[in-house]
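All values reported here derive from a predicted model rather than from experimental measurement.
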Amino acid sequence: MPEPDPLPPRNFDAWAALASSDPEAFEQQRRQVIDHAIRQAPARRQQRLRGVQWQLDQIRASARTPMIACLHMHRMLLDAIRGENGLLDCLQKPAATLRRRQQKAATVIPLRPTRDSDNLPPDQG
């Protein structure tokens, strides 16, 4: 039997009523909505979204009060916007600058020495 559809995320009054009347059901519904939203994202983004959600869950679990958790999450959001390589940085820098930074040259180190580099005869090695 399929699970029922979770509450729509925009129905604040229903969420508030559920949280005060049945916190366990609230948590289960909250999880379902988050998982549904992550599954709707492009596959290449889902792992990162799950990682961010894990960070948020850890903040909620470790905060002494919901307000402290909210403040920590708010700081995390502001860092993602205003921090180094955050949204504002990306919007204010020309795309070419960002591409150059991402395409830095790298030295490739072979996993095993080639015959030319180790000066061994062809029948050894």
Mark yes when over 12 heavy atoms from residues, nucleotides or ligands other than E24 sit less than 6.0 Å from its CD; otherwise mark no. no

What distance separates E84 CD from D79 CG, expressed to the nearest 0.5 Å? 11.5 Å

Heavy-atom nearest pair, D89 first then G83, reads OD2-O, 3.9 Å

Taking it one step at a time, do R30 and D57 satisfy salt bridge (Lys or Arg N to Asp or Glu O under 4.0 Å)? CA-CA 12 Å; R30 185 187 73 83; D57 290 340; 3.6 Å; yes

Count the heavy atoms belonging to other residues, nucleotides or ligands that lie under 6.0 Å from CD of Q58, then report whether that count exceeds 12. yes

If you apply the rule side chain to side chain contact (heavy atoms under 4.5 Å, CB included), what do you find for Q47 with R50, and how did you get there? CA-CA 5 Å; Q47 182 175 358; R50 289 192 193 288; 5.8 Å; no

Steps toward side chain to side chain contact (heavy atoms under 4.5 Å, CB included) verdict (L87, R82): CA-CA 7 Å; L87 179 62; R82 291 194 253 163; over 6 Å; no

Rounded distance [0.5 Å steps], CZ in R60 versus CD in Q53: 8.0 Å

Got a second to check how far R44's CZ is from L49's CG, nearest 0.5 Å? 11.0 Å

In one Ile/Leu/Val/Met/Phe/Trp/Tyr side-chain cluster, 4.5 Å: V33, I38: no

For the hydrophobic clusters of this structure (ILVMFWY residues joined by side-chain heavy atoms under 4.5 Å, transitively), does one cluster hold both V52 and I59? yes

Spacing of L88 atom CG and L78 atom CG [to the nearest 0.5 Å]: 10.0 Å

Should the heavy atoms of other residues, nucleotides or ligands under 6.0 Å from CZ of R48 be counted, would the total exceed 12? no

Determine yes or no for a side-chain-to-main-chain donor-acceptor pair under 3.5 angstrom, with Q46 supplying the side chain and A41 the backbone. yes

Shortest non-hydrogen contact between A19 and P23, atoms and distance: O-CG, 3.6 Å

Interatomic distance, CG@D35 vs CZ@R39, rounded to 0.5 Å, equals 6.0 Å

Can you measure from CG (L77) to NE2 (H74) and round to the nearest 0.5 angstrom? 6.5 Å

